[in-house]
Protein chains: 2
Amino acid sequence: MSSIKSQHLVEVLRKEGLRYTSQRQAVWDEIKKSEEHRDAEDIYLQLKSNNHNVSRATVYRTIDVLVKNHMVRKMDLGDGRNLFEPRIDDEHHDHMICLDTGKIIEFFDEELEDLQDKIAEKHGYKVVRHVHQLFVKPIK
Amino acid sequence: MSSIKSQHLVEVLRKEGLRYTSQRQAVWDEIKKSEEHRDAEDIYLQLKSNNHNVSRATVYRTIDVLVKNHMVRKMDLGDGRNLFEPRIDDEHHDHMICLDTGKIIEFFDEELEDLQDKIAEKHGYKVVRHVHQLFVKPIK
DNA sequence: GTTGTTGCAAATACTTTGCAACTAT
DNA sequence: ATAGTTGCAAAGTATTTGCAACAAC
C-alpha cells in the first residue's frame, strides 16, 4: 500500500532524532483517518487487513511517539482500555462517556479549563496535562 | 491477627447479598488505616506480613465490592496503575499529581463540580461519576 | 447441609522488551 | 558503513477466573 509522506510527521521524527519509515507513516495514516476513538489492537488489525506489514510492537512504539508529540490523544477509559484519536486540528477537548450506551461525547469548556489552572496555581503548581472524564447517564 | 467487626461493612455486604468473612474484614481494615494512596499489591503484601492469610484474588475481589459501595475510592493513574484510598468521611475530592515529585495533592472545588454537572446537563446527561486528574509541575 | 467464599495457579488482556535481521541515511 | 528500526516471540504487569477445599449461615 502506498502513502504520502506527511511533512508534519517528518518534522516530529527529526525533532525526536528518529528516522522516517514506512511503518511509522502507515500507523499515522491509519490513526489519522479514524472517525472514532480506537484501540491499539484495532489499529494493528486494520493495518494488517490493508496489507501493511506493521507489527503490534511498532504500532505501540509509534503511538508513543505520536502521543508525546501531540499528534495523537490518548484516552484512558479507566478500566484498562486506552483509545486513541488523531489531533488534526489540535483542539483540546475532554470526554463524556454514556454508561448506558457507551457513546462518547467530546466537550470543551473554557471556564473549566481556566478553573483548573486557577486551582493548581493556588497550590503552587501549573497544569501540564489533565484527564477529565464524565461518566454519565441520560436524564430521565 | 484479630479485628473488630465493622458494622458498616456488615451492612454493605448484606445489601450485596454477600457473607461477612474475616478476609473481607481484614482487607477493609488494611485499606482503612492507609495514610497514603496504595495499590492492590501493597495492600496484599501488608496483610501477608501481618500474618493475615488473604490471597491476592480476595484482595481484588473485596476491593471491587468496597469501591462499588463507596467505601473505597479507586484512583486511576493513567499508566496502568491503580491506587486506592479509604472513604471514611465520604468527602469527594479530585487529585493533582506532581510530575516532578510524584506527590499527590487532593483538592475539591464546588464551582468545578457544579460546572461539570452543567456541562453534562447541556448534553442531556447527568454525571454519575467522574475522573479528574491534574498532572502538574511546580511553578518556577 | 447448602451455598457462598477462598486460595491457588492458570489464564487473560494489554503492553513492553531482547535480539537478530533489516533498512534509512 | 553504521546506527536506528523492525518483527517476532517471550516477558512483564495488573487483574481475573475455574475449581476443589472450606467456612458462614
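Below, all heavy atoms of this structure are taken into account, side chains as well, without hydrogens, waters or symmetry copies. Everything numeric in this text was worked out from a predicted model, so none of it was measured.
Here the C1' atom of nucleotide D/dC25 and the CG atom of B/Leu13 are 14 Å apart, to the nearest Å. When the C1' atom of D/dG7 is taken as reference, atom NE2 of A/His52 falls 17 Å away, rounded to whole Å. Rounded to whole Å, atom C1' of C/dT3 lies 13 Å from atom CG of B/Leu18. Summarising the geometry, the separation between CZ on A/Arg14 and P on D/dG4 is reported as 17 Å, rounded to the nearest angstrom. With rounding to whole Å, A/Ile63 atom CD1 is found 13 Å from C/dT16 atom C1'. Going from atom OH of A/Tyr44 over to atom P of C/dT15 covers 14 Å, rounded to whole Å. Atom-to-atom, NZ of A/Lys5 to P of C/dA24 comes out at 10 Å; the value is rounded to the nearest Å. Following rounding to the nearest Å, B/Lys48 (NZ) and C/dG7 (C1') show an atom-to-atom distance of 11 Å.
Residues forming a side-chain hydrogen bond (donor to acceptor under 3.5 Å, both in side chains) with B/Glu41 (at least two apart in sequence, or on another chain): B/Arg56. Taking the side-chain hydrogen bond (donor to acceptor under 3.5 Å, both in side chains) definition, one finds that A/Thr58 meets it with A/Ser55, sequence neighbours left out. Checked against salt bridge (Lys or Arg N to Asp or Glu O under 4.0 Å), B/Glu85 has the following partners two or more places apart in sequence or in another chain: B/Arg73. Under the rule for a salt bridge (Lys or Arg N to Asp or Glu O under 4.0 Å), the partners of A/Arg81 that lie at least two apart in sequence or sit in another chain are A/Asp79. With sequence neighbours left out, the side-chain hydrogen bond (donor to acceptor under 3.5 Å, both in side chains) criterion links A/Glu30 to A/Lys33, A/Arg38. Residues forming a side-chain hydrogen bond (donor to acceptor under 3.5 Å, both in side chains) with A/Glu11 (at least two apart in sequence, or on another chain): none.
Nearest nucleotide to the side chain of B/Arg24, out of C/dT5, D/dC25, C/dT25: C/dT5. Across D/dG7, D/dT5, C/dC8, the shortest atom-to-atom separation from the side chain of B/Ser55 is found for C/dC8.
The residue among A/Gln23 and B/Thr21 whose nearest nucleotide of DNA chain D is located toward the 5' end is A/Gln23.
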Got a list of side-chain donor-acceptor pairs under 3.5 Å for residues 100-109 of chain A, not counting sequence neighbours?
| residue | atom | partner | partner atom | Å |
| --- | --- | --- | --- | --- |
| A/Asp100 | OD1 | A/Lys137 | NZ | 2.9 |
| A/Thr101 | OG1 | A/Lys103 | N | 3.2 |
| A/Glu106 | OE2 | A/His37 | NE2 | 3.2 |
| A/Glu106 | OE2 | A/His93 | NE2 | 3.4 |
| A/Asp109 | OD1 | A/Glu111 | N | 3.1 |
| A/Asp109 | OD1 | A/Leu112 | N | 3.0 |

Side-chain polar contacts of residues 115-128 of chain B - donor-acceptor pairs under 3.5 angstrom, sequence neighbours left out - could you list them?
| residue | atom | partner | partner atom | Å |
| --- | --- | --- | --- | --- |
| B/Gln116 | OE1 | A/His132 | NE2 | 2.5 |
| B/Gln116 | NE2 | B/His130 | ND1 | 3.3 |
| B/Lys126 | NZ | A/Pro138 | O | 3.4 |

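One finds no side-chain N or O of B/Thr58 lying less than 4.0 angstrom from the OP1 or OP2 phosphate oxygen of C/dT5.
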Nucleotide N/O to protein N/O under 3.5 Å, stretch nucleotides 1-3 of chain D:
| residue | atom | partner | partner atom | Å |
| --- | --- | --- | --- | --- |
| D/dA3 | N3 | A/Arg19 | NH1 | 3.3 |
| D/dA3 | N3 | A/Arg19 | NH2 | 3.4 |

Are there any protein N/O atoms within less than 3.5 Å of an N/O atom in nucleotides 13-19 of chain D, and if so, which ones and at what distance?
| residue | atom | partner | partner atom | Å |
| --- | --- | --- | --- | --- |
| D/dT15 | OP1 | B/Asn82 | ND2 | 2.7 |
| D/dT15 | OP2 | B/Tyr60 | OH | 2.7 |

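Here A/Tyr60 is tied to no hydrophobic group at all, with no ILVMFWY side chain closer than 4.5 Å.
Rotation axes derived from the C1' atoms of the five outermost pairs at either end of the helix from C/dG1-D/dC25 to C/dT25-D/dA1 lie 30° apart, to the nearest 10°.
Between the side chain of A/Arg24 and the backbone N or O of A/Arg19, at least one donor-acceptor pair lies under 3.5 Å.
B/Asp42 and B/Gln46 share no side-chain donor-acceptor pair at under 3.5 Å.
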Worked check of side-chain contact (heavy atoms from CB on, under 4.5 Å) between A/Leu13 and A/Thr21: CA-CA 10 Å; A/Leu13 291 174; A/Thr21 66; over 6 Å; no

